[in-house]
*Asks:* 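I'd like to ask some things about the structure below.
All of these numbers come straight from a predicted model, not from anything done at the bench. Positions are given from 1 along the sequence.
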Amino acid sequence: MCCVGSKLGRRIPTGYSSRLSLIFNYAVQTHIFMIDAVFRTDTDIAVATEIIICTTCRPAASSRDVPAAGEVLLEAVQVASWELDGAQKVRVRGQACLSSCERACTVAFQAPGKYTYFFGDLAADGTTATQLLACAQLHADSTDGNLLRKDRPERLRKGILARLPPFATIAIANF
């Protein structure tokens, strides 16, 4: 039995290459890391909501000669975040593609142990930027990340693409 088999209480059949064993071992270590991250009590990790903005988003028929609307929105959010106090529970980062090209500009809110929200069809301007930061602060302050429609800023009441449940932790022994 290899190291993975002993950790999982199972035997990996003979004849499988050691590469398979390495892949299983990596998967087990990754899941342990992910589960550990969910249970951490670090205030930086447990409380922070991350705003992820697609930097390659371009509304249909947009010229490639101008910066992508997602890149413009990211810059507007970064500028707006400098001007706000109390946004220390919110982090902003760009992502090259969120795969919702038909619904550009797209943004996601995520935090460990909370619902993840995914919005599209946003305008790339300062008003949207400040509303994104306000909504992210609501997400950060919420215990489960649930954002009621009536509580969200005006521009985030429409255009919701998805609401994903928090990451479910599973015991390693159940693999």
*Asks:* Can you tell me how far apart CD (Q131) and CG (L156) are? Round to the nearest 0.5 Å.
*Replies:* 6.5 Å
*Asks:* Under 3.5 Å, side chain of K114 to main-chain N/O of A140, donor-acceptor pair present?
*Replies:* yes
*Asks:* Looking at CZ of F119 and CG of L98, how far apart are the two atoms once the value is rounded to the nearest 0.5 Å?
*Replies:* 13.5 Å
*Asks:* Working to the nearest 0.5 angstrom, can you tell me the gap between L122 CG and T127 OG1?
*Replies:* 12.0 Å
*Asks:* Identify the two heavy atoms, one from A129 and one from A80, that lie closest to each other, and give their separation to 0.1 Å.
*Replies:* CB-CB, 4.2 Å
*Asks:* What about L133 and I52, same hydrophobic cluster or not, with Ile/Leu/Val/Met/Phe/Trp/Tyr joined at side-chain heavy-atom distances under 4.5 Å?
*Replies:* no
*Asks:* Shared ILVMFWY cluster between I53 and F118, side chains joined below 4.5 angstrom?
*Replies:* no
*Asks:* Between Q95 and C54, is any pair of side-chain heavy atoms under 4.5 Å apart?
*Replies:* no
*Asks:* Work out which heavy atom in P153 is nearest to a heavy atom in A134; give both atom names and the distance.
*Replies:* CG-CB, 4.1 Å
*Asks:* Taking the side chain from S142 and the backbone from H139, do they hold a donor-acceptor pair closer than 3.5 Å?
*Replies:* no
*Asks:* Is there a side-chain contact between R64 and R58 (heavy atoms, below 4.5 Å)?
*Replies:* yes
*Asks:* Would a distance-only check, ignoring hydrogens and angles, find a side-chain to backbone donor-acceptor pair under 3.5 Å from T55 to G94?
*Replies:* no
*Asks:* Quick check on the hydrophobic clustering: are V92 and V72 connected, directly or via other members, by side-chain heavy-atom contacts under 4.5 Å?
*Replies:* no
*Asks:* If I compare all heavy atoms of A48 with all of A111, which pair ends up nearest, and what's the gap?
*Replies:* O-CB, 3.2 Å
*Asks:* For E50, which residues count as a salt bridge (charged side-chain N to carboxylate O under 4.0 Å, His left out) partner, sequence neighbours excluded?
*Replies:* R93
*Asks:* Determine whether I51 and R91 satisfy the following criterion, side-chain contact (heavy atoms from CB on, under 4.5 Å), listing intermediate values before the conclusion.
*Replies:* CA-CA 6 Å; I51 303 173; R91 290 188 219 148; over 6 Å; no
*Asks:* Could you state the interatomic distance from CG (L132) to SG (C105), rounded to the nearest 0.5 Å?
*Replies:* 9.5 Å
*Asks:* Strictly distance-based, threshold 3.5 Å: is any side-chain N or O of R152 a donor or acceptor partner for the main-chain N or O of C135?
*Replies:* no
*Asks:* Distance-only, no hydrogens or angles: does the T128 side chain make a donor-acceptor pair with backbone N or O of A123 under 3.5 Å?
*Replies:* yes
*Asks:* Check this for me: does any side-chain nitrogen of one of D125 and R155 sit under 4.0 Å from a carboxylate oxygen of the other?
*Replies:* yes
*Asks:* Is it true that, when you exclude Q78 itself, more than 12 heavy atoms of the residues, nucleotides or ligands shown sit nearer than 6.0 Å to its CD?
*Replies:* yes
*Asks:* Of all the heavy-atom pairs spanning V66 and S63, show the shortest one and how long it is.
*Replies:* CG2-O, 3.4 Å
*Asks:* Output all residues satisfying side chain to side chain donor-acceptor pair (under 3.5 Å) with D121, sequence neighbours left out; order by chain, then residue number.
*Replies:* R103
*Asks:* Please name the pair of heavy atoms, one in Y117 and one in I160, separated by the smallest distance, quoted to 0.1 Å.
*Replies:* CD2-CD1, 3.4 Å
*Asks:* Does D141 form a side-chain contact (heavy atoms from CB on, under 4.5 Å) with K89? I'd like the steps, not just the answer.
*Replies:* CA-CA 8 Å; D141 293 340; K89 291 192 235 174; 2.6 Å; yes
*Asks:* Which atom names give the shortest non-hydrogen contact between G145 and Y115, and what distance separates them?
*Replies:* O-CB, 4.0 Å
